[in-house]
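Working notes for the structure below.
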Amino acid sequence: MRPPHLRDSLLISGDTFHFSSTPPPDVADLRHLASDDSWRVLSCILANLQQGRFDVSRSLIGLMREKRDAEIWNACAHLLSYAAPYSVIREFEAVAESLLEPVKHSPHSRQYFCVILSCSAGVWGVPHLIRHYRRLKNREVENDVEYNISQVLEVEPGPILSGPQVLWESNGLPPPFEESTPVFLVDDYLSLIEETFQGLVSSQRLYEQEALVEGERLNIRNVAQRLLARVRTGAHPDRIEMGRMLLEATTGLNCRAFFDDSGRLKNLTAATIVEDFLERGDADRYQPGVRYFFGHRIPD
């Protein structure tokens, strides 16, 4: 059960990477990493990550090995996505199949790896993201992962978000016995993804350890400018959530006021928060292509 200080933490429209209330004074004590209470472990990890102590992120992999709980996996996925060094995410990716094997009948389990690879945004991770997509067998999950791929490769939602084109194949029987089956042109879609990715790497001279977000080398100023345009109009709610998470994770800026208690976007309030960030010039602190968490540069 979540403790009060994590009531709305690690939730997309909640307190995300901030504690909901003041945590215990010893929350960052590393002895908590050995606790049987998953939320105590997560509290300890979050507190240390906020201070730039990134080694604790390896404990997230162990927690996901031990627990088969969706809420715990969601919390771990957020922290791995936005705060774990790529070396840790590579370790996580390396054990993907062993972690998935006990739950191989759940079509949603592999989706966690797709979310982590897309939100952590490493150029190195895109081929792994595509590999996971190839192994999905559930159209609902595939549709969600197409959003993940789009947020990495497309500056605005486009053909990658739209997914594979569909042809309807008739069974050849005359009416009223004729039935049509959808055939998804997955190979053409995968070619589109590969060509888009390789084009970005080539045109922008991207290195595999750099972060790639919305079709360009990660630039938190550009992320904030696009976020500001979207919150003013309410366009692309999923991209608003992604932009808010990335802005907050990178800077430590508290963006809880983006949403009301029911999770609805407060456009004017959100716009003011982002405008203030841009006007202060705080984006100048962050090197393009590099990931940060709460202002601390994430190693490798």
Side-chain angles (χ1 to χ4, degrees), residues 1-29 32-33 35 37-54 56-57 59-60 63-64 67 69-84 112 115-116 118-121 151 220 223-224 227-228 230-231 234 237-277 280 282 286 291-296 298:
M1 182 176 177
R2 283 175 176 261
H5 60 271
L6 286 183
R7 185 188 67 242
D8 295 318
S9 302
L10 305 174
L11 296 174
I12 289 176
S13 58
D15 295 321
T16 55
F17 303 109
H18 292 272
F19 288 106
S20 297
S21 60
T22 304
D26 68 341
V27 65
D29 191 317
H32 295 307
L33 296 179
S35 173
D37 182 342
S38 299
W39 294 109
R40 180 175 293 183
V41 176
L42 285 166
S43 296
C44 179
I45 292 172
L46 176 58
N48 279 278
L49 290 173
Q50 288 175 348
Q51 299 301 315
R53 295 188 284 268
F54 294 104
V56 297
S57 61
S59 296
L60 294 165
L63 196 56
M64 294 180 79
K67 305 294 180 181
D69 179 280
E71 194 173 11
I72 298 298
W73 271 48
N74 283 333
C76 290
H78 285 320
L79 290 172
L80 284 167
S81 296
Y82 291 97
Y112 285 99
V115 168
I116 291 165
S118 63
C119 292
S120 61
Q151 78 177 28
I220 200 63
V223 169
L227 178 59
L228 178 57
R230 289 165 182 159
V231 298
D238 289 344
R239 293 285 180 111
I240 290 174
E241 291 177 350
M242 183 273 291
R244 176 264 174 119
M245 292 278 281
L246 184 53
L247 177 62
E248 183 162 311
T250 298
T251 66
L253 184 67
N254 193 330
C255 298
R256 177 64 186 91
F258 266 47
F259 303 96
D260 64 19
D261 290 340
S262 60
R264 288 191 297 266
L265 178 68
K266 295 157 62 177
N267 301 73
L268 293 178
T269 302
T272 298
I273 292 171
V274 182
E275 285 170 351
D276 288 347
F277 169 76
R280 288 193 303 269
D282 289 352
Y286 302 98
R291 296 162 65 234
Y292 296 79
F293 189 72
F294 274 56
H296 303 282
I298 301 174

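One is the number of the first residue; the rest follow in order along the sequence. The model shown is predicted, which means the values in this text are computed figures rather than measured ones.
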### Query
Less than 4.5 Å apart, any side-chain heavy atom of His18 and any of Phe294?
yes
### Message
Could you measure the distance from the OG atom of Ser120 to the CG atom of Leu246? Nearest 0.5 Å is fine.
### Response
11.0 Å
### Gap separating the CG atom of Leu33 from the CG atom of Leu42, nearest 0.5 angstrom
10.0 Å
### Message
Check this for me: does any side-chain nitrogen of one of Lys266 and Asp260 sit under 4.0 Å from a carboxylate oxygen of the other?
### Response
no
#### Entry: Min side-chain heavy-atom separation Leu227-Ile240 under 4.5 Å
yes
### Summary
Taking every heavy atom of Ser9 against every heavy atom of Phe19, the minimum-distance pair comes out as OG-CA, 3.5 Å
#### Entry: Test item: Ile220 and Asp282 side chains (from C-beta on) under 4.5 Å apart, heavy atoms
no
## Note on the structure
Between Ala75 and Trp39 the two heavy atoms that sit nearest each other are CB-CZ3, 4.3 Å
### Residue pair Phe293 / Thr250, side-chain heavy-atom distance below 4.5 Å
no
### Message
Show, in sequence, the C-alpha distance, side-chain angles and deciding distance for Leu63 and Ser38, and conclude whether the side chain to side chain contact (heavy atoms under 4.5 Å, CB included) test is met.
### Response
CA-CA 7 Å; Leu63 196 56; Ser38 299; 3.8 Å; yes
### Contact check, side chains of Leu6 and Leu46, non-hydrogen atoms, under 4.5 Å
yes
### Message
Please give me the minimum heavy-atom distance between Cys119 and Gln151, naming the atom from each residue.
### Response
SG-NE2, 3.5 Å
### Task
Please indicate whether Arg280 has more than 12 foreign heavy atoms, meaning atoms of other residues, nucleotides or ligands, lying under 6.0 Å from its CZ.
yes
### Task
Give a yes or no on this: more than 12 heavy atoms of other residues, nucleotides or ligands lie within 6.0 Å of atom CG of Asp26.
yes
### Message
Please report the interatomic distance CG(Asp69) to CE(Met64), rounded to the nearest 0.5 Å.
### Response
11.0 Å
#### Entry: Criterion side chain to side chain contact (heavy atoms under 4.5 Å, CB included) on His78 and Leu11, from CA distance to verdict
CA-CA 8 Å; His78 285 320; Leu11 296 174; over 6 Å; no
### Query
Within the distance-only criterion (no hydrogens, no angle test), does the side chain of Arg7 pair as donor or acceptor with the backbone N or O of Asp15 below 3.5 angstrom?
no
### Message
Please identify which of these residues, Arg2, His32, His5, meets the side-chain hydrogen bond (donor to acceptor under 3.5 Å, both in side chains) condition with Ser43.
### Response
His5
### Query
Is Asp8 close to Phe259 at the side-chain level, that is, under 4.5 Å between some pair of heavy atoms?
no
### Query
Closest heavy-atom contact between Ala257 and Ile273?
CB-CD1, 4.0 Å
### Query
Which heavy-atom pair separates Leu49 from Ser57 by the least distance, and what is that distance?
CD2-CB, 4.4 Å
### Query
Would you say the side chain of Glu241 lies within less than 4.5 Å of the side chain of Phe258, judging by non-hydrogen atoms?
no
### Task
Starting at CD of Glu248, measure out to CZ of Arg256 and round the result to the nearest 0.5 Å.
10.0 Å
### Task
May I ask you to test the Thr16-Met245 pair for a side-chain heavy-atom distance under 4.5 Å?
yes
### Task
Any chance you could lay out the side chain to side chain contact (heavy atoms under 4.5 Å, CB included) test for Tyr292 and Thr251, step after step, and finish with the verdict?
CA-CA 7 Å; Tyr292 296 79; Thr251 66; over 6 Å; no
### Summary
Rounding to 0.5 Å, atoms CG (Leu60) and CG (Leu80) come to a distance of 4.5 Å
### Task
Work out which heavy atom in Phe54 is nearest to a heavy atom in Ala83; give both atom names and the distance.
CD2-O, 3.1 Å
